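Take a look at the structure set out below.
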Amino acid sequence: MEITVAEGSGIELLLFLFRVNNHEKMAHNDGESYEQLSELVFNARLSISRKSLEWLGKFFSWEGFLGLRIVPYLFMDGSPSPSDLVAIIRKTSPKDSFLCFFAMISRVLESPQMFS
């Protein structure tokens with residue numbers, strides 16, 4: 001998949017990908033920004049291939065948000081740019097990504113606040 005990113009921060013890229021995948025579930029909180037955000041998401045979806053949209057659906061789903069598990073990488077060397085974040089992700093093996101995700105799930109499930 002070819003990824004081109006503009007200037008900004010890595011967290012903005014992740015949040016935008018989450019927004020593109022979950023816009024309809026978030027729109028009720030948009031207030032005056034609804035029209036502008038809807039247009040932005042609509043245009044983004046038009047420019048993303050069907051295969052990439054499927055990928056977004058898996059990694060930035062409303063329920064699982066596996067893609068947001070990347071957030072710790074943002075603090076490894078300061079706050080990387082979107083391009084640097086993509087480079088870090090490309091270097092990380094799928095196995096390491098899943099291990100981080102499952103470790104996070106385990107910590108959440110072991111948390112006493114989870115079931116109180």
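Please read all numbers here as calculations on a predicted model, not as lab measurements. We number each residue from 1, following the sequence as shown.
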Lys25 atom NZ, neighbour heavy-atom count above 12 within 6.0 Å: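 Correct, the count exceeds 12.
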Looking at [atom1] of [X] and [atom2] of [Y], how far apart are the two atoms once the value is rounded to the nearest 0.5 Å?
X	Y	atom1	atom2	answer
Leu53	Phe60	CG	CZ	12.5 Å
Trp55	Leu17	CH2	CG	6.0 Å
Met26	Asn21	CE	CG	10.5 Å
Ser52	Arg45	OG	CZ	14.0 Å
Ser47	Phe42	OG	CZ	10.5 Å
Arg19	Asp30	CZ	CG	4.0 Å

Can you check whether Phe16 reaches Leu40 side chain to side chain, under 4.5 Å on heavy atoms?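 Yes, side chains in contact.
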Hey, what's the ring geometry for His23 with Tyr34, parallel, tilted or perpendicular (30° and 60° as the breaks)?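 Because their plane-to-plane angle is under 30°, the rings of His23 and Tyr34 count as parallel.
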Please report the shortest heavy-atom distance between Ile48 and Ala44, naming the atom on each side.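 Shortest heavy-atom separation between Ile48 and Ala44 comes out as CG1-O, 3.0 Å.
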Give the cluster check for Val20 versus Trp62: same hydrophobic cluster or not, with ILVMFWY residues linked at side-chain heavy-atom distances below 4.5 Å. yes
